[in-house]
> 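Structure below; questions to follow.
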Amino acid sequence: MDIDLADLGFWRRPIKERNEAFARLRELDRPVFFPERRVPLLRSGKGFYALVRHADVVEASRNAKVFSSEPAVTNPEPPGWVKHVFGESMVNMDDPRHARLRRIVSRAFSPKMLAGLQDGIDGACARIVDDVISEGPGDFVRQVAARLPIHVICDMMGIPGGMREQVHRHVDVSTAYTGVRPSLPQTLRMAGQNMLALLALQRMVIQLGRRRATAPEGDLVSALVTANVDGERLTDRELGSFFALLLVAGNETARNTMAHGVKLLTDNPEQRRLLTEDFDARIGGAIEEMVRYVSPIMQFRRTVTQDHDLRGLHLKAGDKVVLFYGSANRDEEVFPDPDRFDITRDTKGHVGFGGPGPHFCLGANLARQEIRTMFRELFTRLPDIRSVGEPELLPSNFDNSVRTQAFTF
């Protein structure tokens, strides 16, 4: 087969070609193994089995005892020294360590907390559209999609206004590193930039956390560094890792869905008409279909902890598997005519926010809230808004990111 999911060159191919390749892989009797090339200092090269069917991704997601998130979920897997520099992110942990951290940070995403954020999200969306009207149409990513999620996260965490532009720059550098690099020198340069950006973000929130520990305010950093009734709180390194995770994962999901969404609604005018005819009734289904269709985060890796049989494949302890969410979300057995964008389809079971189980995206409801509010503001005040031309995508095997998308209204 002319398919190599471990070759970064595969991820430079047009989306249509990649989707066709995954469709061919889904037709096979069992998952295919892809060997990896080792890059010194940057990643190991053990290779992985590709889980491309919806049922396989769901099974691996639910069975965390067999399909472990340790030592890392990113693909390619980073070298061991990375966690000693940055600390360990909760996405790279299994229970009970993962359960402890998730229990602490889940307070940020409770229904009460999210309801309390709505006025701030409303105000941010109104200001963003004010600026769009004032500036005129240009790049939807820069003017709209990239602004809202970071604003909301910084509001939640209590990041002072003067630090937010710096946060935005560091997040952009971190996102760029997930892309395909044409040469080893460029990979090394971008790896260094990414490391400095992540360290700066962690240092920023750790310093803020130390101030909040002695003079707490009504923000999430204060809550996370102050012991709760059970005596649980985040350490400095845990706080820094959580902030970096929230900014990268939380930002990219909403940002990418909005950026792709305006293009999808432009290219499918009948779906746009359905949505705007009864926005409140249909926006929920539209968001789920956008997330299914887009799959903002395309894959995560798992390590097999014990011998296990999966659809005719005998996996051994230590084997690596990669969960390809974008492929699972186009599995014809679950989503008929999967390449058709249809806001009325039954999207139950999509894995655009990750598969079911302990690592399902904590911020899924926050992302839905942001997307819903932003599109309501756009279609209310700019009813003729639409994309222009094709988006510039980030060539990446991880992040389905839109770099730029021209638009008009």
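The basis for the numbers below is simple: all heavy atoms, side chains too, and nothing from hydrogens, waters or symmetry mates. These numbers were taken from a predicted model, which means no experiment stands behind them.
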> Once you measure the plane-to-plane angle for Tyr293 and Phe341, does it fall in the parallel (<30°), tilted (30-60°) or perpendicular (>60°) bin?
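Ring orientation, 0 to 90° scale: perpendicular.
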
> With sequence neighbours excluded, what pairs up with Thr404 under the side chain to side chain donor-acceptor pair (under 3.5 Å) test?
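Partners of Thr404 under the side chain to side chain donor-acceptor pair (under 3.5 Å) test: Glu392.
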
> Looking at side-chain heavy atoms only, is the closest gap between Asp56 and Arg311 below 4.5 Å?
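Yes, their side chains come closer than 4.5 Å.
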
> Assign the ring pair Phe300 / Phe398 to parallel, tilted or perpendicular, where the plane angle (0 to 90°) is split at 30° and 60°.
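Rings of Phe300 and Phe398: tilted, 30 to 60°.
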
> Under the side chain to side chain contact (heavy atoms under 4.5 Å, CB included) criterion, do Glu217 and Arg212 qualify, and how do the steps go?
CA-CA 7 Å; Glu217 299 183 9; Arg212 293 290 192 266; 3.7 Å; yes

> Go through it in stages, so that I can follow the logic: the residues are His54 and Glu333, the test is side chain to side chain donor-acceptor pair (under 3.5 Å), and I'd like the CA-CA distance, side-chain angles, deciding distance and then a yes or no.
CA-CA 8 Å; His54 185 273; Glu333 293 187 5; over 6 Å; no

> Taking Thr257 for its side chain and Ala254 for its backbone only, find out whether a donor-acceptor pair lies under 3.5 Å.
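No; zero donor-acceptor contacts below 3.5 Å.
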
> So, are Glu332 and Arg26 salt-bridged, with charged N and O less than 4.0 Å apart?
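Judged by the 4.0 Å cut-off on N to carboxylate O distance, Glu332 and Arg26 do form a salt bridge.
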
> Within a strict 4.5 Å, meaning less than it, do heavy atoms of the Arg272 and Ile385 side chains meet?
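When only atoms from C-beta onward are counted, Ile385 and Arg272 do touch, with a gap below 4.5 Å.
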
> Less than 6.0 angstrom from the centroid, inside 45 degrees of the normal: does Arg345 satisfy that with respect to the ring of Phe335?
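Here Arg345 fails the 6.0 Å and 45° test against Phe335.
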
> Can Lys320 and Glu36 be said to form a salt bridge (Lys or Arg N to Asp or Glu O under 4.0 Å), step by step?
CA-CA 11 Å; Lys320 308 290 182 177; Glu36 291 176 296; over 6 Å; no

> Verify side chain to side chain donor-acceptor pair (under 3.5 Å) between Asn92 and Ser69, making sure each step is shown before the conclusion.
CA-CA 5 Å; Asn92 297 325; Ser69 295; over 6 Å; no

> Under a 4.0 Å N-O cut-off, is there an ion pair linking Arg100 with Glu238?
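So Arg100 pairs with Glu238 through a salt bridge.
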
> Using the rule given for ring-ring contact (aromatic ring centres under 6.0 Å, His included), can you reason through Phe67 versus His308, listing the C-alpha separation, both sets of side-chain angles and the distance that settles it, and then say yes or no?
CA-CA 9 Å; Phe67 296 94; His308 183 80; 5.4 Å; yes

> So Leu366 and Phe109, side chain to side chain contact (heavy atoms under 4.5 Å, CB included) or not? Walk me through it.
CA-CA 7 Å; Leu366 176 59; Phe109 305 100; 4.1 Å; yes

> If you apply the rule side chain to side chain contact (heavy atoms under 4.5 Å, CB included), what do you find for Gln143 with Phe407, and how did you get there?
CA-CA 10 Å; Gln143 293 175 262; Phe407 76 107; 3.4 Å; yes

> Are any of the side-chain heavy atoms of Leu5 and Phe22 separated by less than 4.5 Å?
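Contact flag for Leu5/Phe22 side chains = yes.
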
> Can you confirm whether Ser396 sits close enough to Asp399 that some side-chain heavy atom of one is under 4.5 Å from a side-chain heavy atom of the other?
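With C-beta onward as the side chain, the pair touches.
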
> Not counting sequence neighbours, which residues clear side chain to side chain contact (heavy atoms under 4.5 Å, CB included) with Cys361? List them please.
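Cys361 satisfies side chain to side chain contact (heavy atoms under 4.5 Å, CB included) with Phe353, Ala364 once adjacent residues are dropped.
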
> Please check if the side chain of Gln299 supplies one atom and the backbone of Phe324 the other of a donor-acceptor pair under 3.5 Å.
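No, the answer is negative, given that no donor and acceptor are paired below the 3.5 Å cut-off.
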
> Do His151 and Arg147 have side chains that get closer than 4.5 Å, going by heavy atoms?
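A side-chain contact under 4.5 Å is absent here.
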
